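Down below is the structure, laid out as structure tokens.
Along the sequence shown, the residues carry numbers beginning at 1. These numbers come from a predicted model, not from an experiment. Both counts, for ligands and for their atoms, begin at 1 and track the order of listing.
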Amino acid sequence: LARPLAALFALAAATLAGPALGSEPFPAAIQAHLGLSTAPGCALCHQAESAPVGAADKPFSASAEARGLVAGDVASLEKALDQMRADGVDSDGDGAEDLDELWWGGDPNHADLPAGGTQDPPTYGCATRPGDARSEGAIALLLVAALFARRRNARG
Ligand SMILES: [Ca+2]
Ligand SMILES: [Ca+2]
């Protein structure tokens, strides 16, 4: 009697935790692995933007699954991302690689480059990346602090 009961519990647990919840650690893992300024939304891989989401059925997830991605397995995700980078995967065929699109805020599932656009990410000034707003703010604060320190020294 114990074995069928255990099987029933396992089935119930699998149903509750099933793929409808998506792979919750994935957005943060993608952000960390690629150094993105924000975590991608559920819509990167799923049709629905918020939980409960359906199957991972977007071109990006198909490309990742073709490279060994297993739902819920962060290690397989990181491996798949590395392989996508190595393969230069462009799931939507718009000329920009999936991982580049993620990095500069494009949509790897839709050919969304502006007409006549290039595959180069937009630039934000000399050696500046979009995720560096925080360091720019820190540099500005340091400059202001240095100015105040100079004025104080000049008075004293
Ligand atoms: Ca693309
Ligand atoms: Ca695109």
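- Looking at H110 and the Ca ion (ligand 2) together, the shortest N, O or S contact belongs to O.
- The shortest side-chain heavy-atom distance between S91 and D98 falls under the 4.5 Å cut-off.
- The number of protein N/O/S atoms found under 3.0 Å from the Ca ion (ligand 1) is 5.
- With rounding to the nearest 0.5 angstrom, the CD1 atom of I30 is 11.5 Å from the OG1 atom of T38.
- Rounded to the nearest 0.5 angstrom, L69 CG and K79 NZ are separated by 12.0 Å.
- As for D107, its N/O/S atom nearest the Ca ion (ligand 2) is the one called O.
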For side-chain contact (heavy atoms from CB on, under 4.5 Å), just list the numbers for V74 and H33, CA-CA rounded to whole Å, side-chain angles, deciding distance to a tenth of an Å, and then say yes or no. CA-CA 10 Å; V74 169; H33 197 68; over 6 Å; no
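- Two residues are said to be in side-chain contact when any heavy atoms from C-beta on lie closer than 4.5 Å; R85 and D100 meet this criterion.
- Taken from CD in Q83 to OG in S76, the straight-line distance is 13.0 Å, to the nearest 0.5 Å.
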Under the side-chain contact (heavy atoms from CB on, under 4.5 Å) criterion, do V144 and L147 qualify, and how do the steps go? CA-CA 5 Å; V144 170; L147 276 175; 5.6 Å; no
